[in-house]
Protein chains: 2
Amino acid sequence: MSEMAEKNSNTEQNILEAAKVVFVAKGMDGARMQEIADKAGINKALLHYYFRSKDKLFEAVFVEILSKLIPDISELLLSELPLFEKIRKFTQHYIDTIRENPLIPVFILHELNREPEGIARTFKSMGIQPQIFIDEIKREIEKGTIVPIDPLHLIVNLLSMCIFPIVAQPIMQHLIFEENGEAYSAFLEQRKKEVPEFIINSIRKK
Amino acid sequence: MSEMAEKNSNTEQNILEAAKVVFVAKGMDGARMQEIADKAGINKALLHYYFRSKDKLFEAVFVEILSKLIPDISELLLSELPLFEKIRKFTQHYIDTIRENPLIPVFILHELNREPEGIARTFKSMGIQPQIFIDEIKREIEKGTIVPIDPLHLIVNLLSMCIFPIVAQPIMQHLIFEENGEAYSAFLEQRKKEVPEFIINSIRKK
DNA sequence: TTTACTTTTGACCACTTGGTTAAACTATAT
DNA sequence: ATATAGTTTAACCAAGTGGTCAAAAGTAAA
């Protein structure tokens, strides 16, 4: 009885969890195997027993993060709501999601430019299909519901306004709120309403 | 004749230049003193002769980057153009600026969350004053030129749509253009017109 | 209990890292 | 020339790194 990968042996899952925290916080280069081992409450050699090397462990973590993130995005884009409602829902849900793990986007971007080839391969293996959403926007333009606009720019605008203010919190918080974390938190909360209205206001045909 | 700091002794400037490239590309943790020395064409010990330690060298680089970036931002916000024109100019200039050093924002964000205390101090020492721009927006609202909107959200929206698409290029390029770098480059070029119109379209009173 | 196996550990290693030091080089002033 | 000061180098070091290994500890079937 040791054919299949069976019950992700707890220890293995502990390691992955600890590794995720450390890697995301410090990046591949800043992360130490010892710290991961400590955080998982095990011996350092065990890390190499389950995952052969630091690189392998990192990749496992990276894959896990991506494969949780990507379906999350796709799901919403494919729902059946009217466009404006979809924009509202997406913004709200997406801002919340990123706020739960605010370090992940910068982590991904930093690692992506540290080692473009390897990471890109991982990325490619799991597909995102924005085409359906693009088509939906085109249809609304034809219907005359919204102003003519390149759907790509609209999507990028939407993503930008959701993601950037969260990842840039350490800067923004200082620039506009003098290190008042709660004020910035409230600010992000407001954005769940402000952003969709800002967008809709721009594209709605009057 | 060795009282003043006089002519930034060439070597020192070479080191700073090399260090900037390496630090920005690999981050503090990923950067190697040896690589910086090689890139500067000098012995590794010279790094420690001019800058005492890796930390000191890093801080020098970080300060240099910030002190070039910040006036660049302030300048435009304080010019005398009408609001819409200012938004157009800002977008165009800012997108170009960031495209010249696309790695810097992620570098700053990554380092900022690696060591919030130390970096924040550096940040604080050089002030940015968004208040003037905020007041200008408020005035336009009172005048009735633009729709009532929280100036902070407007500013953050503007920054987001400028910065994010550039720093996220490695992801976006894959997601929407299948690794076609030139297509994405053209896309960013378009944004210099699309973004300001998108914003103005949203806030202009009709 | 014995056997066979997986899991876990402590001790260890080769190598890289940032950093030091003493000596060599350079140029200027006397 | 030669003393003086700043600059540059090669060789070196201690600490930390990812990684290994053989043995111990656990586990379950025979």
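Here is the naming used below: chain letters follow the sequence lines, and residue numbers restart at 1 for every chain.
B:Asn201 places none of its side-chain heavy atoms less than 4.5 Å from the side chain of A:Ile203. Counting heavy atoms from C-beta outward, A:Leu46 and A:Tyr50 have side chains that approach closer than 4.5 Å.
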Using a cut-off of under 3.5 Å, enumerate the N/O to N/O pairs linking the protein to nucleotides 14-17 of chain C.
| from | atom 1 | to | atom 2 | distance (Å) |
| --- | --- | --- | --- | --- |
| C:dT17 | OP1 | B:Arg32 | NE | 3.1 |
| C:dT17 | O3' | B:Arg32 | NH1 | 3.3 |

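The phosphate of D:dG19 (OP1 or OP2) has no side-chain N or O of A:Tyr49 nearer than 4.0 angstrom. Contact annotation: A:Thr11 does not reach the phosphate of C:dT7 (side-chain N/O to OP1 or OP2, under 4.0 Å).
Distance CG (A:Asn43) to C1' (C:dG10): 7 Å, rounded to an integer number of Å. Atom-to-atom, CZ of A:Phe51 to P of D:dT20 comes out at 16 Å; the value is rounded to the nearest Å. In this structure, A:Lys56 places its NZ atom 10 Å from P of D:dT20, rounding to the nearest Å. Atom CG in A:Leu47 sits roughly 12 Å away from atom P in D:dT20 (whole-Å rounding). Between the CG atom of B:Asn14 and the C1' atom of D:dT8 there is a distance of 14 Å, rounded to whole Å. Look at CD1 on A:Ile42: it is 16 Å from C1' on D:dA25, rounded to the nearest Å. Spacing between atom CG of B:Asn10 and atom P of C:dA27 amounts to 14 Å, rounded to whole angstrom units. In this entry the distance linking CG of A:Leu46 with P of C:dT9 reads 5 Å, nearest Å.
Interatomic distance, A:Leu57 CG to A:Leu16 CG, rounded to the nearest 0.5 Å: 6.5 Å. Here the straight-line distance linking atom CD1 of B:Ile163 with atom CD1 of B:Ile98 works out to 4.5 Å at 0.5 Å rounding.
Under the 30°/60° scheme for interplanar angles, the aromatic rings of A:Tyr184 and A:Phe187 are found to be tilted. Using cut-offs of 30° and 60° on the angle between ring planes, the pair A:Phe62 and A:Phe107 is tilted.
In terms of position on DNA chain D, the residue among A:Ala45 and B:Tyr50 whose nearest nucleotide sits closer to the 5' end is B:Tyr50.
In this structure, A:Ser202 contributes its side chain and B:Phe198 its backbone to a donor-acceptor pair below 3.5 Å.
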